[in-house]
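Remember, it's a predicted structure, so these values are computed and weren't measured experimentally.
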2 protein chains.
Amino acid sequence: MGATKSDQFTKEQNDLASLAKALGHPARIAIIEYLLKVDSCICGDIVGVLPLAQPTVSQHLKELKNAGLIKGNIEGTAICYCIDEEGFEKIKSFFDHVTVSLSKKKFDCC
Amino acid sequence: MGATKSDQFTKEQNDLASLAKALGHPARIAIIEYLLKVDSCICGDIVGVLPLAQPTVSQHLKELKNAGLIKGNIEGTAICYCIDEEGFEKIKSFFDHVTVSLSKKKFDCC
DNA sequence: TTTATATATTGCAATATTACGATAAAAGAA
DNA sequence: TTCTTTTATCGTAATATTGCAATATATAAA
């Protein structure tokens with residue numbers, strides 16, 4: 001055994017887990033932070049910013065894109081990446097739900 | 001190679017990634033949702049709720065606890081787990097930062 | 001066309017995660 | 001003490017992730 005039993009959980013649980021998992025690596029957090037900082041779509045200079053080789057960065061970008069957290073646009077010979085707000089909306093609504101639930105909490109046992 | 005180059009990133013980036021990573025599995029999302037739903041600390045009946053064996057659930061609980069997302073209290077022969085609000089505050093402040101940054105965004109290229 | 005630049009893909013080694021049976025540990029009940 | 005219940009840990013197999021060199025692809029420039 002050893003494979004994740006994703007089929008045993010709901011689509012919502014799997015989708016949320018995928019989004020969280022995509023953010024579960026410091027390089028990918030760094031990419032998101034950089035994209036937020038430059039306040040515009042940037043291209044492959046992410047490679048220059050990260051302490052990782054180009055294929056590795058490309059792989060991380062692909063994962064963020066697959067998860068729906070960033071978008072990419074072909075711009076001549078370069079590619080312009082930027083935040084995909086939709087993906088962040090989904091995660092954010094989960095944390096909003098958590099916050100609301102916690103505010104309704106009656107006991108504080110632990 | 002193949003090991004994560006965590007030492008090349010900041011503590012903040014690694015901490016955030018750890019929190020996100022801990023939520024990056026449907027079983028752990030399910031555990032959090034269950035703890036929110038029961039509106040109180042519950043014990044090992046999480047095992048009865050999840051489609052996983054007891055050692056696997058125990059392992060997932062340990063990861064959530066290490067990440068600072070849940071707390072556990074020994075309660076006789078059972079253990080009482082509940083949400084650790086502090087961990088969720090940390091993640092939430094990251095997403096708040098994302099939201100603020102996105103609202104200041106000028107271009108919409110992608 | 002050839003050359004240069006930017007990014008993606010392939011293939012593989014190193015490492016990490018997931019899952020669970022077997023077993024241990026801890027505490028209350030008999 | 002022994003038995004039962006609850007949870008954790010160990011050991012291990014299956015699988016997934018991480019990282020990069022080599023290579024492929026695609027477009028622009030010369």
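To the nearest angstrom, C1' of dT17(C) lies 14 Å from CG of Leu64(B). Straight-line distance from the CG atom of Leu52(B) to the P atom of dA19(C): 5 Å, rounded to whole Å. We find that CG of Leu61(B) is positioned 13 Å from C1' of dT6(D), with the value rounded to whole Å. The CD1-P distance, from Ile31(A) to dG19(D), rounds to 10 Å in whole Å. Atom CD in Gln59(A) sits roughly 14 Å away from atom C1' in dT15(C) (whole-Å rounding). Across the protein-nucleic acid pair, Leu23(A) atom CG and dT18(D) atom P stand 12 Å apart, rounded to whole Å. What separates CG of Leu50(A) from P of dG19(D) is a distance of 10 Å, to the nearest Å. Nucleotide dA16(C) holds its P atom 15 Å from the CG atom of Asn66(B), rounded to whole Å.
You'll find that the side chain of Tyr81(A) is closest to dA8(C), out of dT9(D), dG19(D), dA8(C). Side chain of Lys21(A), nearest nucleotide from dA16(D), dA8(D), dT6(D): dA16(D). For Pro55(B), taking side-chain heavy atoms from C-beta onward, the closest of the listed nucleotides dT18(D), dG21(C), dT17(C) is dG21(C). Looking at the side chain of His25(A), the nearest of the listed nucleotides dA6(C), dC20(C), dG19(D) is dG19(D). Of the candidate nucleotides dG19(D), dT7(C), dA19(C), dT7(C) has the atom nearest to the side chain of Ile79(A). Side-chain atoms of Ala53(A) lie closest to dC20(D) of the nucleotides dT17(D), dG19(D), dC20(D).
At dT7(D), none of the side-chain N or O atoms of Ser58(B) fall inside 4.0 Å of OP1 or OP2 (strictly under the cut-off). Distances shorter than 4.0 Å separate none of the side-chain N or O atoms of His60(B) from OP1 or OP2 on dT17(C). One finds a side-chain N or O of Lys5(A) lying less than 4.0 angstrom from the OP1 or OP2 phosphate oxygen of dC20(C). Look at Lys62(B) and you won't find any side-chain N or O under 4.0 angstrom from OP1 or OP2 of dT7(D). Residue Thr77(A) places none of its side-chain N or O atoms closer than 4.0 Å to OP1 or OP2 of dT27(D).
Using a 4.0 Å heavy-atom distance criterion, Lys65(A) is classed as making no nucleic acid contact. Residue Ile74(A) is classed as having no contact, given no heavy-atom separation below 4.0 Å to the nucleic acid.
No donor-acceptor distance shorter than 3.5 angstrom exists from the side chain of Asp84(B) to the backbone of Lys71(B), with no hydrogens or angles considered. Using a distance-only test at 3.5 Å, with no hydrogens or angles considered, no donor-acceptor pair links the side chain of Gln8(B) to the main chain of Lys5(B). Judged by distance alone, the side chain of Asn14(B) and the main-chain N or O of Pro26(A) form no donor-acceptor pair under 3.5 Å.
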Return a table of donor-acceptor pairs under 3.5 angstrom between the side chains of residues 54-65 of chain B and protein atoms on other chains or two or more places apart.
residue  : atom : partner  : partner atom : Å
His60(B) : ND1  : Arg28(B) : NH1          : 2.9
Glu63(B) : OE1  : Arg28(B) : NH1          : 3.2

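With DNA chain C read from its 5' end, the first of the two nearest nucleotides for Glu63(B) and Gln54(B) is the one closest to Glu63(B).
No side-chain heavy atom of Tyr81(B) sits under 4.5 Å from any side-chain heavy atom of Ile31(B).
With rounding to the nearest 0.5 Å, the separation of NZ in Lys92(A) from CG in Leu19(A) is 14.5 Å.
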